[in-house]
Protein chains: 2
Amino acid sequence: MPQKATSPKYVRLTGEERRARLIEAGLACMARGGIQEFTVDKICAEAGVSRGLIIHHFGSMNALLTAVYATMYDGSTKLSRELAPGETRLAALLDAFFAPEVFNRDAFNIWLTLWGQISINHDLKEEHRLQYAEYVRDVAEAIGEVAVESGRNVDADVLARSLVCLIDGLGIQHCIEPMSMHADDAKAACRSFLLPHLGSF
Amino acid sequence: MPQKATSPKYVRLTGEERRARLIEAGLACMARGGIQEFTVDKICAEAGVSRGLIIHHFGSMNALLTAVYATMYDGSTKLSRELAPGETRLAALLDAFFAPEVFNRDAFNIWLTLWGQISINHDLKEEHRLQYAEYVRDVAEAIGEVAVESGRNVDADVLARSLVCLIDGLGIQHCIEPMSMHADDAKAACRSFLLPHLGSF
DNA sequence: ACCACAACTATACGGTAGTTCAACAGAGAA
DNA sequence: TTCTCTGTTGAACTACCGTATAGTTGTGGT
């Protein structure tokens with residue numbers, strides 16, 4: 001006996017929302033198996049859609065990869081929040097970096113995969129240039145604020161670049177051997193790195 | 001007119017030497033194009049041998065990958081040399097890390113690729129466990145020596161772990177944007193990191 | 001009710017992945 | 001020379017890659 005209203009063959013979304021879901025699926029696959037799992041088959045299966053959709057919405061796998069990279073930056077480095085009274089922007093930034101949503105195995109497995117692609121993928125390199133400069137500038141400004149406040153003379157840019165490298169390295173270590181590098185250890189290492197230059201903040 | 005001695009159809013090597021050459025070819029491919037270029041076709045073409053040899057000598061591509069990882073450790077972290085009079089082992093270690101043969105784009109492109117594989121590849125994870133612990137221990141001992149000499153009380157293990165992370169992060173940055181992070185900058189960052197804990201060394 | 005368009009499916013295509021294997025080539029021993 | 005290993009080739013195999021495209025489904029405007 002036929003149903004009056006037949007059940008839909010698929011769930012229809014707006015292009016923008018479908019793109020977001022494909023990016024999420026791509027992130028999940030990449031976290032699970034690096035660039036080898038970042039394939040049309042795996043991502044579409046993860047998202048529960050047919051194989052044609054990635055090309056339809058992004059034009060190419062490379063475009064999806066670039067979108068994934070941009071999404072990682074959005075999620076990890078642009079989480080400015082309200083400062084508590086007396087809290088410096090630098091302290092808030094460090095808290096954000098080592099929050100569980102940002103500092104975790106999956107995330108750094110994805111970062112590791114993406115970094116490995118940057119130097120061999122022109123589009124990704126372009127996207128990186130756009131995002132990274134802004135990221136370091138934010139950190140440098142936060143360091144500069146503390147330096148001014150405490151009347152110390154530091155090269156905020158150099159310090160920021162080193163700090164960012166340290167954070168990356170700590171994240172990698174956490175990714176590879178989580179037990180040997182907890183978020184607290186990592187944050188402490190960063191503070192210990194900054195302390196001699198800025199004092200407590 | 002036929003030659004008396006026909007030219008050989010291929011160059012015959014001992015198994016060990018062929019393995020070494022395949023590893024070198026694998027490194028070259030990985031430096032060029034990450035894990036995507038680390039394929040049977042590309043590596044055998046690079047080494048100038050037929051496609052069957054990798055399986056014959058290593059049993060699987062995964063075994064070759066593991067051998068490549070071990071080779072990177074041999075080349076980068078086990079280059080102890082004679083100490084100059086009055087030179088600390090820590091200073092020599094830092095010099096070695098930032099020497100051109102170790103601190104360069106190709107090398108860190110390879111490291112990046114390998115690190116991205118560790119958490120998704122069981123064999124590689126095993127190899128990592130063996131190598132990394134020894135590496136950190138060496139650094140920690142070098143730090144400990146300086147600490148004792150200068151009569152300072154530091155946690156050499158914690159310091160070593162952080163230093164190693166910093167070096168990794170600096171290397172990645174150099175790999176992705178060489179102009180923004182020269183070897184000298186990177187070494188200076190490491191010294192600046194250690195200075196408050198150890199004094200000059 | 002119909003149309004126009006966007007979202008989506010399904011499949012086909014050429015290329016390339018890692019592995020297997022039977023046959024061949026070279027070098028030293030007998 | 002002949003035998004015996006080991007190194008080496010190269011084609012065959014199955015599986016999967018990213019892309020292209022023809023056709024179907026759903027939705028909102030008129």
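Just so it is clear: chains get the letters A, B, ... in the order the sequence lines come, proteins before strands, and each one is counted from 1.
Closest approach to the B:Pro8 side chain among C:dG26, C:dA17, D:dA20 is made by C:dG26 (side chain taken as heavy atoms from C-beta onward).
Legend: residues meeting side chain to side chain contact (heavy atoms under 4.5 Å, CB included) with B:Ala147, ordered by chain and number and at least two apart, are B:Val154, B:Leu198. Residues satisfying the salt bridge (charged side-chain N to carboxylate O under 4.0 Å, His left out) test with B:Arg32, not counting sequence neighbours, are B:Glu37, B:Glu46.
One atom, CD1 of B:Ile35, and another, C1' of C:dA17, lie 13 Å apart when rounded to the nearest Å. Residue B:Gln36 contributes atom CD, which lies 12 Å from atom P of C:dG18 at whole-angstrom precision. As rounded to whole Å, 17 Å separates atom C1' of D:dT21 from atom CD1 of A:Ile54. Between the C1' atom of D:dA15 and the NZ atom of A:Lys42 lies a distance of 11 Å, rounded to the nearest Å. Rounded to whole Å, the distance from CG on B:Leu64 to P on C:dG18 is 10 Å. If you take CG of B:Asn121 and P of C:dG18, they are 13 Å apart, rounded to a whole angstrom. Rounded to an integer number of Å, the gap from CZ of B:Phe58 to C1' of C:dT19 is 16 Å. One atom, CD1 of B:Ile43, and another, P of C:dT19, lie 11 Å apart when rounded to the nearest Å.
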Problem set entry | Verdict with supporting geometry, A:Trp111 and A:Tyr73, ring-ring contact (aromatic ring centres under 6.0 Å, His included) | CA-CA 10 Å; A:Trp111 280 120; A:Tyr73 262 100; 5.2 Å; yes
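Residue B:Arg19 holds its CZ atom at 11.5 Å from CG of B:Leu64, rounded to the nearest 0.5 Å.
Residue contacts for A:Phe38: at a heavy-atom cut-off of 4.0 Å it reaches the sugar-phosphate backbone alone, with no base atom in range.
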When you compare the protein's N or O atoms with those of nucleotides 6-10 of chain C, which come within less than 3.5 Å of each other, and at what distance?
| from | atom 1 | to | atom 2 | distance (Å) |
| --- | --- | --- | --- | --- |
| C:dA6 | N3 | A:Arg12 | NH2 | 3.0 |
| C:dA7 | OP1 | A:Gly15 | N | 2.9 |
| C:dA7 | O4' | A:Arg12 | NH2 | 3.3 |
| C:dA7 | O3' | A:Leu13 | O | 3.1 |
| C:dA7 | N3 | A:Tyr10 | OH | 3.4 |
| C:dC8 | OP1 | A:Val11 | O | 3.2 |
| C:dC8 | OP1 | A:Leu13 | N | 2.8 |
| C:dC8 | OP1 | A:Arg18 | NE | 3.1 |
| C:dC8 | OP1 | A:Arg18 | NH2 | 2.8 |
| C:dC8 | OP2 | A:Arg18 | NE | 3.3 |
| C:dC8 | OP2 | A:His57 | NE2 | 2.9 |
| C:dT9 | OP2 | A:Ser50 | N | 2.9 |
| C:dT9 | OP2 | A:Ser50 | OG | 2.9 |
| C:dT9 | O5' | A:Ser50 | OG | 3.4 |

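Counting heavy-atom neighbours within 6.0 Å of B:Glu149 CD, excluding the residue itself, gives a total of 12 or less.
Taking the ring centroids of A:Phe108 and A:His174, they lie at or beyond the 6.0 Å cut-off.
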